[in-house]
Amino acid sequence: MDLHIILVGILVGIANFASRFGPFYLLQKSQQHQQSRGSTWLKIALGSIGIAAISSMLIVATLPPLIETPNKSFAMFVGFVVLTGLYFKFKRIVLATLIAALAYGLVYTYV
């Protein structure tokens, strides 16, 4: 794997974590409640780390195919649209992922 792709993934993860964790950090700094601070910090940090990790993995997984075959980016776009639409409609990630993978494969092969 190319070093540029790894660096982009790391930068995306850091930026995503900072954009999610930063506002909560500033809100907690302005509050005076010291007792509830520990458990709230843990929940916010763990939630932010999970989303940042998923975003980084998504970028690192999608960049190499886009660099190799930029003419097939439409297939990736169709896969993301199908995944997003089905997930928000049915709230089932497994079903949405499987159907999006099928849609991606069909568009990648035949278009």
Side-chain angles (χ1 to χ4, degrees):
M1 186 178 298
D2 193 13
L3 181 62
H4 292 101
I5 295 172
I6 294 171
L7 290 176
V8 168
I10 291 170
L11 288 174
V12 167
I14 291 170
N16 196 338
F17 178 78
S19 69
R20 294 187 174 277
F21 191 70
F24 291 115
Y25 176 78
L26 294 174
L27 286 174
Q28 285 291 336
K29 279 292 212 187
S30 67
Q31 290 181 353
Q32 300 297 328
H33 306 298
Q34 300 293 332
Q35 269 81 8
S36 65
R37 194 171 182 167
S39 63
T40 304
W41 274 105
L42 183 62
K43 290 176 188 175
I44 293 169
L46 289 177
S48 300
I49 289 169
I51 293 169
I54 290 170
S55 299
S56 298
M57 288 187 294
L58 177 67
I59 294 298
V60 170
T62 56
L63 272 181
L66 283 177
I67 291 171
E68 282 181 18
T69 56
N71 58 337
K72 296 293 186 174
S73 60
F74 180 68
M76 195 169 291
F77 174 73
V78 169
F80 285 137
V81 168
V82 169
L83 175 69
T84 305
L86 288 176
Y87 176 72
F88 283 119
K89 178 145 177 84
F90 298 112
K91 300 289 185 206
R92 295 188 178 193
I93 192 64
V94 174
L95 177 68
T97 303
L98 292 174
I99 294 174
L102 178 66
Y104 168 79
L106 290 173
V107 172
Y108 187 87
T109 304
Y110 297 113
V111 175

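Throughout, numbering of the chain's residues begins at 1 and tracks the sequence. Heavy atoms only: backbone and side chains are in, while hydrogens, waters and symmetry mates are out.
Around the NZ atom of Lys91, the shell of radius 6.0 Å holds more than 12 heavy atoms that belong to other residues, nucleotides or ligands.
The line from NZ of Lys72 to OG1 of Thr109 is 7.0 Å long, rounded to the nearest 0.5 Å.
Ala96 approaches Leu86 most closely through the heavy-atom pair CB-CB, 3.8 Å. In terms of heavy atoms, Gly79 sits closest to Ala100 at O-CB, 3.4 Å.
Checked against ring pair (Phe, Tyr, Trp, His ring centres under 6.0 Å), Tyr104 has the following partners two or more places apart in sequence or in another chain: Tyr108.
Grouped by direct or indirect side-chain proximity (heavy atoms under 4.5 Å, Ile/Leu/Val/Met/Phe/Trp/Tyr only), Leu83 sits with Tyr87, Phe88, Ile93, Val94, Leu98. Counting side-chain heavy-atom gaps under 4.5 Å among Ile, Leu, Val, Met, Phe, Trp and Tyr, the cluster of Leu102 also holds Leu106, Tyr110.
In the hydrophobic cluster analysis, where Ile, Leu, Val, Met, Phe, Trp and Tyr join through side-chain heavy atoms closer than 4.5 angstrom, Ile99 is grouped apart from Phe80.
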